[in-house]
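Contents: one structure, followed by commentary.
The sequence lines fix the lettering, A, B, ..., with proteins before strands; numbering per chain opens at 1.
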Amino acid sequence: MAVEILKENYAGKVLSMTIGVGDRAVTVGGATALPFHSFEGEVGNRPLIAYEVLDTVPEDPPASLQEELESVWDDPVKWAKYCQDEQGARAIALRLVSTDPDGQDASPESAAETVKKVLDAIDIPLVILGCFKEAKDGPVLKAAADAARGCNCLIGKAQEENYKTIAAAATANGHKLIAFSNLDFNLAKQINILLSQADFDINNIVTDPTASALGYGLEYTYSVIERIRAAGLMQNDAMMQPPMFLDLSSVVWKVKEVKASEEDLPEWGDRTERAVHWEAATATSLLMAGAEIMVMTSPRAIQTVEKTIDQLMA
Amino acid sequence: MALTGIEIFKHLPKTNCKDCGFPTCLAFAMKLAAKQASLEDCPHASDEAKDFLGAASAPPVRKVVVGAGDAAWTLGEETVLFRHEKKFVNPSAYAIQVADEDPELAAKVAAIAAFKVDRVGEDYGVNLIALQDASGDAGTFSAAVKTVVEAAPKLGLVLATRKVDLVEAGLAACEGKNPLVYGADADNIDALLPLVKGKASLVVSASDLNVLSDLAEKATGAGVEDLILDPMPANAREALERLTQIRRLAIKKNYKPFGYPLWMSAVHEDPQIEGTLATIGTMKYASVILLSELRAWEMLGLLTGRLNIYTDPQKPMQVEQKVYEVGNVNGESPLIVTTNFALTYFIVAGEIENSKVATRLAVQDVEGLSVLTAWAAGKFTASKIAEFIKESGVASNLTRKEVILPGYVSVLSGTLEEKLGGDWKVVVGPREANQLPQFLKTCAQG
């Protein structure tokens, strides 16, 4: 008996967005169906993984990352070039951790200098992330946005407390914006509405609904993303159609499973493989829900996910 | 397909006898439709009504049990496509391949059976051993079946062979163990069906969904209903698409030939890719996931992901109320109080670990709400916190009676100090967990 495949009728689509300039600019989004459902719609552009680069040597890094990145992480320019030239990165995510007021408390001007240096060294798109402290991110991202003028970067994260400053800086300098909200479907919509009311173009926004690591609330992120995707595609909710941005690096590399040694927990198996798997499995799960841009750190985990995406788009 | 109260009512006795505990048959029918009552509550229901309502209320994906006794693992019974709609019901089983002619078979299987990891206070491990017919020989296969059953009495068994004589020999070697036979295809199904009937569940496989549907119908036609379907994807895209197509037809159209648990092989030459393929299977409807070998790091990740995805979306995840010790605490270590929403606990405990300042974390049961929500709901009030801190007996471990309150509920600090009484001091901590490391380091410096 012939099986009649049941195809979903999608009313909406995921918006597409381009970051970067020139030959190596990258476009994400554009799907007209659930993730990788090529049998019933357009899958859109390939998801983008941005390699995380810190502007300062990581404090207390897991041993497995140390093995992979120690030789480059004393200098953000060297680190970014390594990701682009040696690892084939399609984008870099520069995190300005030095600006953390509870840490080095570096000035917006010094952060802007770093942004300039990194931009001079690479020709792939740049994501610029602040230290994620609302008050400090405003001036830091404004200075960074000025420094990166015309480079069509993705900057953030803009939150309810600071979105006006950051959105204005993005508009003035031709950048795209990460709209962050705290792990809730309605809050994710609200920040997009607030930005739209402030005349920020919905086509220039990516939605960051808060990443969670495998074992640390992954299911909440998973379901929030699935619900946002359903609202955008099935209900054609215009405020729920921007591409989805997940900052995995900020959550995965803190958890015990990527840090604990084999001496302490022999039943958890090889530490290096375990850490790579943790980031790759977190990413793969979120791809199933609907992630378009992910910030990741381990080159091996990223290669694993890229090969998995090759299969998903085969 | 769910029935309405009226449809159910037509099949009830309509006597309004109240024996079910409801005032009328219609009221009872409404409760049945809402799944708040069971037909067993009606002592007068006819057999016809039981058959009709039983069939109509059966989940669109059949329940299939693999293994017997301690080794039994239940699959299927799924009712939704997305976990935010309703809880996924029966977690996927992970099956590890072993070869029948492997000289280390007994030791390998014993190691797989012994593997366990603790997640949130419970032990989890591998579910199934998939015995491959590498030898092609019935005697070797049958001896290997006995070895596996002996070495792993609490794991289910997959007889991974398409050869009819090996299936027969294998089944004879594990009578009463209710194994899963992998499997049937268009070539061998006629011979396999009588062999497995009443003794084993059967995987039917075909890369063409039309063929797969025909094979499933053929099996049920022969009275073999404990089926698992393998649409044999060649890559991740085919896996996602076929598993989705099958499950969607079962759930949205109640398409019977596809109303069974699903099988997916994640076996891949690159162990990390095997890990991501198995992750896709776990997230997207695979009930049995085949892996090439036991790797502790991979199992830890897969079992964790499965645990995440099979939680109830309507029920906030909670942790137990108690005073947790993060790091090697002593009398001088700070004491923080927070709520028992699992996410709150994980984030706060994680940031404490980052701070490297050993800290006591008093987690109060507020039915799994976050700090602000619990406070708004009147479950995280000064008197309730005070009562919890006092009853916990934590004071006897402290040199200074001082408790750190989440910044979001700073308004409670005065009252809390009053309610705690004695020489207790309340310190207002940061609002967000990511400010904790700095806060704790400052505390530690005095």
Side-chain angles (χ1 to χ4, degrees), chain A residues 1-6 8 34-39 60 102-103 132-133 183 212 214-220 222-224 226-227 230 254-257 266-271 273-278 280-281 283-285 287-289 300-301 303-305 307-314, chain B residues 82-84 115-119 209-210 212-214 217 235-238 240-241 244-245 248-249 252-253 255 257-258 270-273 275-277 279-280 282-284 295-302 304-305 307-309 311 313 317 342-343 346-347 350-351 353-354 356 434-435 437-438:
Chain A
M1 174 170 143
V3 176
E4 212 171 306
I5 298 300
L6 183 59
E8 190 72 51
L34 286 172
F36 310 105
H37 284 41
S38 61
F39 65 97
D60 188 25
D102 295 330
F132 203 49
K133 300 274 163 75
L183 203 54
S212 312
L214 180 61
Y216 294 80
L218 176 79
E219 68 274 29
Y220 297 97
Y222 189 90
S223 283
V224 168
E226 281 202 328
R227 289 183 58 205
K254 286 179 181 174
V255 309
K256 197 170 175 183
E257 285 79 357
E267 69 270 29
W268 282 8
D270 186 283
R271 168 162 64 186
E273 297 302 319
R274 187 197 326 136
V276 168
H277 173 66
W278 219 260
T284 303
S285 304
L287 281 173
M288 291 298 100
R300 273 193 65 208
Q303 300 297 348
T304 301
V305 178
K307 285 182 200 159
T308 307
I309 295 173
D310 287 344
Q311 284 203 26
L312 284 164
M313 300 192 72
Chain B
F82 301 101
R83 76 170 281 284
H84 57 259
F115 173 80
K116 63 176 187 330
V117 288
D118 172 277
R119 298 300 300 178
L209 293 191
N210 297 314
L212 190 63
S213 170
D214 288 343
E217 284 194 308
N235 57 37
R237 177 184 58 78
E238 288 185 0
L240 173 64
E241 288 193 352
T244 301
Q245 288 166 350
R248 198 189 271 172
L249 277 167
K252 291 185 121 175
K253 290 285 175 192
Y255 182 69
F258 284 171
D270 177 341
Q272 287 290 347
I273 300 285
T276 57
L277 292 177
T279 300
I280 291 173
T282 307
M283 300 293 141
K284 287 290 172 183
R295 299 179 189 97
W297 54 266
E298 181 185 16
M299 282 311 303
L300 179 72
L302 294 176
T304 305
L307 204 58
N308 282 167
I309 215 71
T311 49
M317 257 177 82
L343 207 52
F346 282 136
I347 292 171
E351 294 294 354
E353 282 198 22
N354 280 344
K356 300 226 182 304
N434 65 6
Q435 292 151 2
Q438 184 60 27

On a heavy-atom basis, which atom in [X] and which in [Y] lie closest, and how many Å separate them?
X: B:Thr304; Y: A:Gly215; result: CG2-CA, 3.3 Å
X: A:Gln311; Y: B:Ala236; result: OE1-N, 2.8 Å
X: A:Glu4; Y: B:Leu249; result: O-CD2, 3.5 Å
X: B:Leu302; Y: A:His277; result: N-NE2, 4.1 Å
X: B:Leu240; Y: A:Met288; result: CD1-SD, 4.0 Å
X: A:Gly217; Y: B:Leu343; result: CA-CD1, 3.6 Å

Assess whether side chain to side chain contact (heavy atoms under 4.5 Å, CB included) is satisfied between B:Phe258 and A:Val3, documenting all intermediate values.
CA-CA 10 Å; B:Phe258 284 171; A:Val3 176; 3.7 Å; yes
Specify which of A:Ile309, A:Val276, A:Val305 makes the most heavy-atom pairs with chain B at under 4.5 Å.
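Looking at each of A:Ile309, A:Val276, A:Val305 in turn, A:Val276 comes out on top.
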Determine the option with the most heavy-atom pairs under 4.5 angstrom with chain B, choosing from A:Lys256, A:Arg300, A:Met313, A:Glu8.
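Going by pairs under 4.5 Å, I would pick A:Glu8.
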Does any backbone or side-chain atom of [X] lie under 4.5 Å from a heavy atom of chain B? Answer side chain, backbone, both or neither.
X: A:Leu287; answer: neither
X: A:Asp60; answer: side chain
X: A:Glu257; answer: side chain
X: A:Trp278; answer: side chain

Any chance you could measure [X], atom [atom1], to [Y], atom [atom2], to the nearest 0.5 Å?
X: B:Arg83; Y: A:Tyr222; atom1: CZ; atom2: OH; result: 9.0 Å
X: B:Phe82; Y: A:Leu34; atom1: CZ; atom2: CG; result: 5.0 Å
X: B:Thr244; Y: A:His37; atom1: OG1; atom2: NE2; result: 4.0 Å
X: B:Ile273; Y: A:Thr284; atom1: CD1; atom2: OG1; result: 8.5 Å
X: A:Thr304; Y: B:Asp270; atom1: OG1; atom2: CG; result: 6.0 Å

Between B:Thr276 and A:Thr308, do the side chains contain an N or O donor and an N or O acceptor separated by less than 3.5 Å?
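Their side chains do contain a donor-acceptor pair, which is all the 3.5 Å distance test asks for.
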Chain A: which of [options] shares the most heavy-atom pairs with it under 4.5 Å?
options: B:Val117, B:Ile280, B:Ile309; result: B:Ile280
options: B:Glu353, B:His84, B:Lys284; result: B:His84
options: B:Gln438, B:Glu298, B:Gln272, B:Met283; result: B:Gln272

Please classify the contact of [X] with chain A as side chain, backbone, both or neither, using a heavy-atom distance under 4.5 Å.
X: B:Leu277; result: side chain
X: B:Arg295; result: neither
X: B:Lys356; result: side chain

Residues A:Lys254, B:Glu351: salt bridge by 4.0 Å N-O rule:
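Looking at A:Lys254 and B:Glu351, the cut-off is met.
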Are the side chain of B:Glu241 and the backbone of A:Ser38 linked by a donor-acceptor contact shorter than 3.5 Å?
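Side chain of B:Glu241 to backbone of A:Ser38, a donor-acceptor pair under 3.5 Å: yes, one is there.
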Holding to salt bridge (charged side-chain N to carboxylate O under 4.0 Å, His left out), I want the full list of residues that pass it with A:Glu219, two or more places apart in sequence or in another chain.
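So A:Glu219 forms no salt bridge (charged side-chain N to carboxylate O under 4.0 Å, His left out) with any residue.
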